[in-house]
Amino acid sequence: MKVLRKVAPTVAVVLSALSSTAQIKDSLNAPSSVLPGVFADPHIAAFGDTFYLYPTTDGTEGWKSTYFTCWSSRNLKDWKNEGTILDLPKDLTWAKERAWAPAIATKNGKYYYYFSADVNIGVAVSDKPTGPFKDPLGKPLVVKGALKGQMIDPMVFIDDDGAAYLYWGQGNCNIVKLNEDMISFDASKIIVFKPAGYNEGSFVFKRNGKYYLMWSEFDTRDPRYSVAYATSDFPTGPFVKAAQNPVLKGRGVVKGAGHHSVVKVPGRDEWYIAYHRFKIPDGNGYNRETCISPMRFDKNGNILPVDVFETPVSMKKVKASKK
Ligand code: FUB
């Protein structure tokens, strides 16, 4: 007992030294972002043998960006700028700025691009994932003020039976099944709920028959911004929040890690999470950069904590597949 009392302070000093060494190592070794410059809210998807990223363009206080870009990659590491795919002042009649947090979905050979613009949600359509996208409605799909909270951050999940569901909202999570045309829905069927800690940036995927709803907690300008999740047997819930949360958060020099999306490598049970963090160095909630890390599950299907210092290893060529 006496010996224990004597060595305990030494052990504590050594542990604390080791932990600060780890933190210094973290700050020295933060992986590079995957896109050059400041891009946030990355929505990642795989179509055929190619991965795509659809981000928000950052760099202005109040997120005043007016256009959206698209990026493509075959290996998750090298990203090609496919250019501007939607320019609000040019392509929309109803919104000019605050081009935020897009999402993509494909159905019946068309690509549907959902986006926030001046705190409304819009949809644009193209024959290709890289656009050009056209606004078929000439008005928002979800108009500002339609429900409580901000009408931003759309996500569309398409189930195995082809049914498409729109998830969106800051403050609350709203869900509605889209009509076959992908550009309309029955507003009387909207489900509104708020998982504990929910702020914004919902994302849904399915694995082994289970539906995963993920979202961001705290404000994107807060270094504690992070991602949590819940699961359900149905795409519309009820969702039960997992015991082990958040699954993505900053560490060391990585701050404000959140507003994510998830992609499965076609043909493999291999998953990656795209997210933004404060730019390193000197970033903040208006200067964020896009990163990708592996995302894994335990044998019960729980999402394991993501290591924000881990990046995708160089991928073997992805086989073209629809899933
Ligand atoms: O990028 C603008 C806004 O910041 C998004 O809509 C939110 O989710 C937050 O990331």
Side-chain angles (χ1 to χ4, degrees), residues 33 35 37-44 53-71 85-86 88 92 95-104 113-124 140-156 166-175 194-195 197-204 213-229 246 248-250 254-262 273-279 283-292 308:
S33 59
L35 302 183
V38 281
F39 294 96
D41 311 323
H43 184 99
I44 193 164
L53 271 174
Y54 302 88
T56 297
T57 311
D58 251 18
T60 48
E61 187 146 340
W63 311 285
K64 294 262 172 60
S65 164
T66 58
Y67 65 94
F68 289 106
T69 57
C70 170
W71 302 72
I85 55 166
L86 195 74
L88 269 42
L92 301 183
K96 292 206 171 350
E97 59 177 22
R98 290 184 285 177
W100 300 347
I104 191 99
Y113 184 71
Y114 302 84
F115 55 92
S116 324
D118 279 337
V119 198
N120 307 269
I121 288 174
V123 56
L141 173 63
V142 183
V143 73
K144 181 178 178 176
L147 298 164
K148 221 172 130 206
Q150 294 182 49
M151 299 299 100
I152 59 170
D153 298 1
M155 155 72 204
V156 169
L166 173 67
Y167 304 76
W168 78 95
Q170 182 277 334
N172 283 326
C173 182
N174 310 295
I175 308 179
K194 183 180 172 103
Y198 178 93
N199 184 30
E200 60 193 9
S202 55
F203 188 90
V204 173
L213 168 69
M214 304 177 79
W215 63 83
S216 293
E217 304 196 338
F218 298 100
D219 186 281
T220 189
R221 291 161 289 192
D222 187 324
R224 293 171 300 170
Y225 200 53
S226 44
V227 171
Y229 80 103
L248 173 81
K249 65 174 183 176
V254 175
K255 303 202 186 317
H259 199 124
H260 77 299
S261 56
V262 167
I273 181 166
Y275 55 94
H276 69 235
R277 67 182 185 203
F278 290 1
K279 180 179 169 295
N284 53 35
Y286 302 116
N287 290 285
R288 303 163 295 177
E289 57 190 4
T290 287
C291 303
I292 300 178
V308 289

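One-based numbering, in listed order, for ligands and for the atoms of each.
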Problem set entry | Contact partition for Tyr286 relative to ligand 1, non-hydrogen atoms under 4.0 Å | neither
For this session: Check the pair Met214, Val204 against side chain to side chain contact (heavy atoms under 4.5 Å, CB included), reporting the backbone distance first and the verdict last.
Result: CA-CA 6 Å; Met214 304 177 79; Val204 173; over 6 Å; no
For this session: Within a distance under 4.0 Å of any heavy atom of Ile152, pick out the atoms of ligand 1 and give their elements.
Result: 6 (O)
Exercise. Considering only heavy atoms, does Ala101 approach ligand 1 within less than 4.0 Å through its side chain, its backbone, both, or neither?
Worked result: side chain
Problem set entry | Test of ring centre spacing under 6.0 Å for Tyr113 and Phe68 | yes
Problem set entry | Interfacing atoms of ligand 1 (cut-off 4.0 Å, heavy-atom, Thr220) | 4 (O), 9 (C), 10 (O)
Problem set entry | Atom indices of ligand 1, in the order listed, that fall short of 4.0 Å to a heavy atom of His276 | 10 (O)
Problem set entry | Ring geometry between Tyr286 and Trp63 (parallel below 30°, tilted from 30 to 60°, perpendicular above 60°) | tilted
For this session: Say whether Arg98 and ligand 1 are in contact under the criterion: heavy-atom distance to a ligand atom below 4.0 Å.
Result: no
For this session: Report the nearest protein non-hydrogen atom to atom 9 (C) of ligand 1: residue, atom name, distance rounded to 0.1 Å.
Result: Glu200 OE2, 3.3 Å
For this session: Can you sort out which atoms of ligand 1 are near Tyr225, meaning under 4.0 Å from one of its heavy atoms?
Result: 8 (O), 9 (C), 10 (O)
For this session: Report yes if some heavy atom in the side chain of Ile292 is under 4.5 Å from a heavy atom in the side chain of Ile44; otherwise report no.
Result: yes
For this session: Do me a favour and list the nearest non-hydrogen protein atom to atom 4 (O) of ligand 1 with residue, atom name and distance?
Result: Arg288 NH1, 3.2 Å
Exercise. Taking the six-membered ring where the residue is Trp, are the ring centres of Tyr225 and His259 under 6.0 Å apart?
Worked result: no
For this session: Report yes or no: do Thr220 and Arg288 form a side-chain donor-acceptor pair below 3.5 Å?
Result: yes
Exercise. Do Phe115 and Trp100 have ring centroids that are under 6.0 Å from one another?
Worked result: no
For this session: Show your working on ring pair (Phe, Tyr, Trp, His ring centres under 6.0 Å) between Phe203 and His43 and close with a plain yes or no.
Result: CA-CA 9 Å; Phe203 188 90; His43 184 99; 5.6 Å; yes
Problem set entry | Close N or O approach (His259, ligand 1; < 3.5 Å) | yes
Exercise. Taking atom 8 (O) of ligand 1 as the point of reference, which of Thr57, Asp41, Asp153, Asp58 owns the nearest heavy atom?
Worked result: Asp153
